[in-house]
Amino acid sequence: MLVLQTALNGLVLGGVYSLAAVGFSLIFGALGIVNLTHGIFVICGAYASMMLFHGLSVDPFFATIPVAFVFFFVGYVYQRYLIQLAVSRASLVASLLVTFGVALIARNLLQLGFSPDVRTITPSYSFSSLVIGGLRVDMVRLIGVGVSLVLLSLMALLLAKTAFGRRIRATAQQPLAANLSGVNVPHVFGQTFGLGAAFAAAAGAVLGIVQPFSPSAEEFWTLNAFIVVVLGGVGSPSGALLGGILLGLISSFTAQYVGPSFTNAVMFLVLVVMLLVRPHGLLGSAFGESR
Amino acid sequence: MMRFLGLAGAVAAAAVLPEFLPPFYVRVVQFFFFSAALALAWNIMGGFAGYWSFGHTVFIGMGGFAAAHLVTALGLSAGPVQMVTGIVFGALFCGAFAAIIAYPILRLRGIYFAIAMLGISQVVAELANNVSWVKGDVGLFIETKLPGDIAPERFYYYVFGGLLLVTALASFLILRSRFGYGLLAIREDEDTAKMLGVPTEKLKILGFVASAALVGMLGATYAYSLGYFTTGSLFRVDFSLNMIIYCLIGGIGTIAGPILGAAVMLFLTQVVLGGVLELHLLVTGAVVVVIVLSMPDGIMGLLGSLTTRKPATPPAPASPEVAR
Amino acid sequence: MTATPILSGRDVTKKFRGLTAIDSVDFELQEGRIYGLIGPNGAGKSTLFNLVTAYYPLTTGEIRYRGERIDGLPTYRLNQIGIARAFQISKPFPAITVRENVRVGALYGVPGPRDVDAVTEDVLALTGLGEMADRKSGGLPVGNLRKLEIARALATRPKVLLADEPCAGLNPSETSDMMECLRNISRRGVVVWLVEHDMRAVMGVCDWIYVLEAGAKIAEGNPQDVVRNPRVIEAYLGVAPPAAAEETA
């Protein structure tokens, strides 16, 4: 029974991790940019959701929509007018550093604006939980997983079925060819980044009810996303889902059977081993091995 | 020759400087020596060979813990022998650990190597905190006996100053040697380096071990300077990041660069903004963004482009010579 | 020819997932000569060079250097025994100077006593790079990048130099410079093996030419014979009007 409960906890946690990582994964896979501002987007989403909840009593579940919308534009502008500048001036490594610098600035600003304290969002259903056949799952986590699955499917559909998604995939694989066939490549890069940012912030909006957050938690979410990508595969919602679930299971089983203080050690151990064995993740890169 | 005289002058000035500084600033300069030496040691792998580690703080921690455990186990009483033993062992221990993880970890390139190093530093830190005999959670004492009645900040000022010289000298010798050229070739293009007969695997491992041993030496010394430390005081992510930032600001892959970068950033954060701790991240972040966008080769690159006379534009491509 | 060839291959074959890129190619390089390797685009010329320099492992066959098996050795070892390669796409070390680029080759390469400075300066002079030795190689124009590629390989003191399209993108005058440079290298006792598109250049400089088509060797011989070979003409020009064949010669 304990094994099942642990597995369930892991799956639920993993579902949330997947959503929190998919934006990072898309940006890394399609643009080759390791976005160290990712955790900031997630945390900003959580703070935005908190303000909407306290100020306008908007349920975090619905907060995802406006938050995603706003962060699409934030991401678009950020990519086109700052990151692209770094890429064209120097290199992709420079873009890594610029996102790192911006993350430091943003974290400091969040600390000044919201204080470094840990916050939570507590809607009415916060403390209720569901019991099925002896297995218990918190309501908020269940909702978190539900939202995660819906949004992940949405992104999968968007990438696979729409003209917008096809443009993103084409540009990621063959920027030059896409350019020659009339695609406005810088615009698509910006849109791709915007989409990644939107999903990160939407994830944050929901995560706020699942897990406490503070400005310094951004580091955790960036690393988390990296581990998910390394486990599952780069650039695809299915890779993020697989990686997230594996990470969730690893965390919950380590906490249960080795000790909660070892979860980080084991998580990073798995990261290092995966990097050595299969750096492109179990599902490989959705955009080919070009990077 | 001019350079040598300049260096001798700088060393002499640094030697008498504590006479004129209040203890707080002696401590600031001491921390600058430590930070600059760390950045230089990181620079051997990150700057020369192009392998950016995001987790070099692991060697600070392992150096400190190894030193403290060894001198306790040997039952050495505080004094010069005990201190040198601890520091040398810290360096050797880190060098050995680096040699063990080198082969698998150095097969990774770019961001994957960087993140794997971050992962390793996190794993080791968590283990130091949770494996009871390491005592990372409750903390360790490492005793020192200062010679004569010298104030601690002065004593460590000279110790770290000496170690900075050692690290700079090691970097200089490496950069000038065949080994150094091999590392540069690896940084520029590892596959091409192989084509030129550079034994890349061997050189990368050597560079990694050298870098780790130097950081281990500095970490052990830092542990002595603290006297009492826990996991949190040595395995600090900000140490790892600062090593990179200092190199980046000063000029990565150079020798003066990391020292200059550490000087600029510490002056900015400790002296100018000493009173407003809550803005440090913002300032650091802003400096990183500005440097990357405006001077990708750091301060040294900027100085270089001002002093060396380069043709402003490359000469026009040779037109086909008709009369040959 | 009875002497042991300096470099030889027998039944050299490479398959990528069932696709045969190089199909049972034999070759034999003797000291003191300049060899050519020609063929239409996609014939497998660069792939063959990649096999010789152990960029990929062979599927079957063997490669020998002075009679000793060398397939399976790591790339840097091949360079140390005396096989150097200049890439088709120039890969200078962009952030260091031209001289430092060459110096890396002189410091490593074939082991043994040498005066690193002398080798460096000698190679710089031989390839005509002396004037720009202190410039960062990242900003060099194409012609000089090609020379640098050759210079750096030469600095490793090879016995065999594989040069992959050293004239691609060069104007006629630069091309003839490059050919003169290769002749000088050959005079110093380095066996040069050249992949080239510019037929005129190949014909002028090579003693012996291998022709690949679709991964297989379709002809070999001295330049005069190769250009008259009907299979070569067909491979290059489709169904060839005789006049065109004359022109390339």
Side-chain angles (χ1 to χ4, degrees), chain B residues 46-50 107 174-206 247 251-254 257 296-298 300-301 304-305 307-324, chain C residues 50 53-55 74-87 89-96 100-111 116 131-132 134-144 149 152-158 162 170-177 180:
Chain B
F48 299 168
R107 281 176 26 212
I174 290 175
L175 194 58
R176 290 284 295 270
S177 70
R178 181 164 180 255
F179 174 38
Y181 270 90
L183 292 180
L184 290 185
I186 289 171
R187 174 187 78 194
E188 296 288 303
D189 187 331
E190 198 163 338
D191 294 321
T192 306
K194 281 184 198 160
M195 292 280 176
L196 295 173
V198 179
T200 53
E201 298 294 330
K202 198 176 94 191
L203 297 193
K204 282 191 298 183
I205 292 174
L206 277 177
C247 290
I252 197 161
T254 63
D297 294 324
M300 289 300 286
S305 65
T307 52
T308 56
R309 276 176 298 141
K310 273 189 203 163
T313 49
S319 52
E321 294 159 57
V322 184
R324 274 189 70 87
Chain C
N50 281 336
T53 50
Y55 216 69
T75 303
Y76 79 91
R77 282 287 304 143
L78 289 174
N79 183 280
Q80 290 180 348
I81 63 175
I83 302 171
R85 160 141 186 214
F87 284 95
I89 298 159
S90 299
K91 292 182 175 177
F93 301 137
I96 60 180
E100 285 170 328
N101 264 271
V102 175
R103 225 179 138 76
V104 171
L107 282 164
Y108 287 91
V110 181
V116 171
E131 281 173 32
M132 53 214 79
D134 291 316
R135 282 175 54 186
K136 288 253 172 85
S137 63
L140 293 184
V142 184
N144 289 328
E149 189 69 31
R152 204 174 48 181
L154 204 58
T156 66
R157 304 169 305 289
L162 307 183
L170 300 192
N171 65 36
S173 126
E174 287 169 329
T175 300
S176 71
D177 267 5
E180 189 50 41

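Proteins get letters first, then strands, A, B, ... in listed order; numbering begins at 1 in each.
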Kindly give the heavy-atom pair with the smallest separation between [X] and [Y], and that separation in Å.
{"X": "C:Arg152", "Y": "C:Phe93", "value": "NH1-N, 3.4 Å"}
{"X": "C:Leu78", "Y": "C:Ala54", "value": "CD1-CB, 3.4 Å"}
{"X": "C:Ala153", "Y": "C:Pro158", "value": "O-CD, 3.6 Å"}

Any donor-acceptor pair under 3.5 Å linking the side-chain atoms of C:Arg85 with those of C:Asn50?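 Their side chains do contain a donor-acceptor pair, which is all the 3.5 Å distance test asks for.
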May I ask you to check whether over 12 heavy atoms, not counting those of C:Glu131, lie within 6.0 Å of atom CD? no
With a 4.5 angstrom heavy-atom cut-off, which part of C:Thr75 approaches chain B: side chain, backbone, both or neither? both
Between CG on residue B:Leu196 and OH on residue C:Tyr108, distance to nearest 0.5 Å: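 Atom-to-atom, B:Leu196:CG and C:Tyr108:OH are 11.0 Å apart.
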Inter-residue atom distance B:Met195.CE - C:Asn79.CG, 0.5 Å rounding: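 Rounded to the nearest 0.5 Å, the CE-CG separation comes to 9.0 Å.
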Those residues of residues 199-206 of chain B that come under 4.5 Å of chain C on a heavy-atom basis, listed by number, are B:Pro199, B:Leu203
Mind ranking C:Met132, C:Arg77, C:Lys91 by heavy-atom pairs under 4.5 Å with chain B and telling me who comes out on top?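 The residue among C:Met132, C:Arg77, C:Lys91 with the greatest pair count is C:Lys91.
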